Every structure is written in C-alpha cells, then in structure tokens.
Amino acid sequence: MTTELLLPFKLNSTIELKNRILMAPLTRCMADENLVPNQAMVEYYARRAEAGLIISEATIIRPDAQGYPNTPGLFTSEQIQGWQKVTDAVHANGGKIFAQLWHVGRVAHPHFFDGEVLAPSAIGIEGSVPRMRELTYQTPKAATSEDIQSLIADYAKAAENAVEAGFDGVEIHGANGYLIDQFLHYAANEREDEYGQTPENMSRFALDVVDAVISAIGTDKTALRLSPGAYFNMSEDNRDKAVFDYLLAQLNTRQLAYLHGGIFDDSMRFASLEDMTTSEYLRANYSGTLVGVGSYSFESAKDAIEENRFDLIAIGRPFIANPDYVSRISQGKELVAYDDAMLAELI
Ligand code: FNR
Ligand code: 8K6
C-alpha cells in the first residue's frame with residue numbers, strides 16, 4: 001500500500017523518520033523497584049522499531065514526579081544504563097526513540113517518595129492512584145519560586161540524561177493534567193506571581209522548561225505534548241484558550257522537532273476551544289510539525305494527513321495490541337483488537 005503515511009518524513013535537518021507513524025507514549029508500570037527499565041521493556045520497545053518514531057512511556061524526571069507504580073525514571077545512573085539497553089535495541093532494529101519527560105505535579109503521591117506534592121497552587125484533585133485505590137490524592141503544596149527553578153533545572157537535566165542514554169530526543173509531557181498542564185489551566189493555577197493570572201504568566205513555566213531543554217540538548221531534539229482542552233484530571237475554563245493562544249504563538253518561534261496533541265479521542269470538541277477538536281485548534285494556531293493522535297485508525301489517519309489536518313500520526317492502543325502494527329497495515333493485514341486486559345503484560 002503506497003501512502004504518504006508510510007514514506008519518510010524529515011523532522012528537521014538532523015532527524016529523518018522512515019515513516020509518519022509514531023508509537024504514542026504509553027505508561028505500562030513495569031519498571032523495577034528502582035524505576036529502571038527491565039529486559040521485558042527492552043524487547044517490547046525493540047519489537048516496535050518499525051514505527052517512524054517511538055515515544056517512550058512517560059518517564060519521571062525526579063522522585064516527586066511519581067504518581068503511579070513502577071513508572072521508569074531518568075535521574076539515576078542505573079536508570080540511564082537501563083534506558084541505554086532500550087535505545088540500543090531500538091537502534092539495532094533500525095528505529096528511533098524519544099523519551100517522554102514527566103512530572104505529574106498534583107497527581108503525585110508521597111507513597112512513592114519522601115517529600116511534598118508540588119503543584120502551581122494548593123488545589124487538589126479528587127480520587128486515588130490507579131491500581132492502588134487506597135492512596136487518595138492530597139492537597140498539593142504551591143511551588144515556591146525556588147521549587148519552580150529547581151523543577152526547570154531538573155527537566156533540563158533529565159533531557160541531558162536522555163541523550164546520554166541514547167535517546168534521539170525528548171518529548172516534554174505538557175499534557176493530560178500533569179505538572180506543566182496544571183500551570184496552563186485556570187482550574188489548577190491561581191498563582192499571583194509571574195507564573196499566574198495572565199496568559200503570558202501562565203505560559204511561563206512551559207516556556208521556561210522548553211527553553212531549558214533546548215539549551216541542554218538542542219531544538220532539533222526537543223518536542224512537546226499539550227492538551228489545550230481540559231479532559232483528564234482537569235476542568236475546562238473558557239479563559240484557557242487565551243493561554244494556549246499565547247503559548248502557541250511563542251512556540252511558533254522555537255522550531256521544535258514537533259508538537260503533539262494530548263487526547264484520547266480527537267473527535268472530542270471543547271467548548272473552551274470554540275468547539276474545536278484538539279488537532280483543529282493546534283493546526284489553526286501552530287505553524288510547525290503537528291502530530292495528531294486520539295482513536296485514529298490507519299484509514300482515518302491517512303485521510304487526516306492527506307487533508308493536511310496534521311503531519312504525523314501517533315498510534316497508542318493499537319500498538320499495544322500489535323507490536324508489528326506498521327507491517328500489518330503496510331500489508332493490508334487485519335489488526336488484533338486492543339483490550340484493557342493486554343495491559344497486564346508486555347507483549
Ligand atoms: C496513555 N496515554 C499516555 N499519554 C502520555 O502522554 N503519556 C503516557 O505515558 C501515556 N500513557 C498511556 C497509557 C495507556 C495504557 C493508554 C491507553 C494511554 C495516552 C496515549 O498516548 C494516547 O494519547 C491515547 O491512547 C490515544 O491514542 P490511541 O490509543 O487512541 O491511538
Ligand atoms: C495504571 C496505569 C496508569 C496509566 C496512566 C496514564 C493513562 C491512563 C489511561 C486511562 C485514562 C483514560 C482517560 C480518558 C479520559 C476521557 C475523558 C472524557
């Protein structure tokens with residue numbers, strides 16, 4: 001089957017992808033007790049090297065970034081060495097892989113680390129940790145200016161560690177209600193300093209992190225994921241759009257490797273985004289390479305790319321069910337249907 005989706009795509013002058021299909025970042029909670037990737041993870045990623053680019057499962061930048069069991073890290077030498085095995089195996093199979101850098105902010109739980117839960121403001125979320133329902137979420141501490149500076153530095157350090165571990169680049173996780181996204185939405189950010197109140201101030205943390213990561217590893221290796229519409233651990237506020245309008249205008253001057261929407265179903269329309277979908281809104285406001293995602297099939301992704309609604313597609317759940325997703329669609333073979341039960345092991 002010949003389609004643009006299966007042909008090479010240049011992200012920039014240093015990174016060329018062999019096709020336009022990305023494996024979406026997928027948390028699997030399978031790292032060892034020191035949050036080091038294990039051998040099953042090495043093989044799991046290596047099996048998916050046919051993707052134009054693999055985005056790793058979200059990987060925490062420091063201990064207080066953790067909100068789920070056994071999520072891998074990128075802040076100890078053991079973790080870097082563990083990831084090196086993953087990146088070596090992906091590269092040996094002809095693939096490319098970015099690390100997704102994560103801090104969950106108020107979705108963290110002190111069960112996993114010593115210390116406080118940090119967020120832009122002291123506004124908690126309802127509920128408890130998946131798979132560990134006895135751990136209810138706490139009201140976070142509003143980060144001080146010093147906390148903010150150390151968080152920014154730790155994103156940059158984790159990006160350096162990612163490159164040391166052999167990753168081809170990083171995707172900063174700015175989506176899905178986690179730390180960076182918490183600064184970008186009024187429902188989670190009531191700060192009265194230079195990180196709150198106005199679109200410019202509310203965008204500052206995201207831009208500081210992006211700029212620190214660019215300084216650390218270069219713009220060609222730096223990508224970002226954003227959820228302009230609030231849908232997960234976050235409530236919508238009609239003022240949010242102005243924040244993202246400002247942020248995207250600033251990002252247009254940065255030449256990131258790509259921008260990736262963070263959404264489970266891209267047919268979802270947001271009242272706060274004037275009834276647009278995630279990809280419609282991002283395409284209208286962002287001029288660089290855009291990755292679409294969210295319940296796409298190969299056919300619907302092909303149509304979207306042909307219609308220029310975005311440039312690359314990220315595939316999540318179908319990649320869990322089909323390690324050989326790219327071969328199957330190239331050969332017109334049927335896909336195995338995804339089922340949540342598949343999350344129990346790495347196939
Ligand atoms: C996800 N998703 C996700 N997103 C992210 O930015 N970092 C992550 O670590 C995860 N983890 C994760 C785990 C599991 C089990 C699922 C199902 C999803 C969201 C994911 O990247 C993607 O946006 C959605 O799955 C929608 O794409 P599909 O699955 O419809 O192709
Ligand atoms: C136990 C593993 C934890 C994985 C965390 C990351 C992703 C969770 C996947 C399920 C979330 C579904 C959210 C969908 C929200 C739609 C709201 C309309």
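Nothing fancy with the numbering, it's 1 onward along the sequence. Predicted model, so just to flag it, every value in this text is computed and none were measured.
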Distance under 6.0 Å and angle within 45° of ring axis: R62 vs F75: no
Does the ring centre of Y155 sit less than 6.0 Å away from the ring centre of W102? no
Answer with yes or no whether the side chains of N189 and H185 bring together a donor and an acceptor at under 3.5 Å. no
Stepwise side-chain contact (heavy atoms from CB on, under 4.5 Å) check, Q66 with L35: CA-CA 10 Å; Q66 189 174 357; L35 313 185; 3.3 Å; yes
May I ask you to decide if V36's main-chain N or O and E78's side chain share a donor-acceptor pair within less than 3.5 Å? no
Which heavy-atom pair separates T144 from R191 by the least distance, and what is that distance? C-NH2, 4.4 Å
Taking the side chain as C-beta and beyond, is there a heavy-atom pair between Q100 and R225 under 4.5 Å? yes
Could you tell me if the side chain of P110 sits less than 4.5 Å from the side chain of E116, heavy atoms only? no
Taking the basic N atoms (NZ, or NE/NH1/NH2) and the acidic carboxylate oxygens, is any pair closer than 4.0 Å for R269 and E280? yes
D311/R283 salt bridge by N-O under 4.0 Å criterion: yes
State, yes or no, whether a side-chain contact exists between T71 and T27 at a heavy-atom distance under 4.5 Å. yes
Is the distance from the ring center of F167 to that of F98 below 6.0 Å? no
Do you know which two heavy atoms are closest between Y246 and E200, and how far apart they sit? OH-CG, 3.2 Å
For the ring pair Y296 and F310, is the centre-to-centre distance below 6.0 Å? yes
D147 and K141: CA distance, side-chain angles, deciding distance, salt bridge (Lys or Arg N to Asp or Glu O under 4.0 Å) verdict: CA-CA 10 Å; D147 292 331; K141 180 191 122 177; 3.0 Å; yes
Quick one: are L224 and V210 in side-chain contact, heavy atoms under 4.5 Å? yes
Taking 4.0 angstrom as the limit, do K333 and D324 come out as a salt bridge? no
Output, in order, the C-alpha distance, side-chain angles, deciding distance and verdict of side-chain hydrogen bond (donor to acceptor under 3.5 Å, both in side chains) for D181 and S227. CA-CA 7 Å; D181 200 36; S227 296; 4.9 Å; no
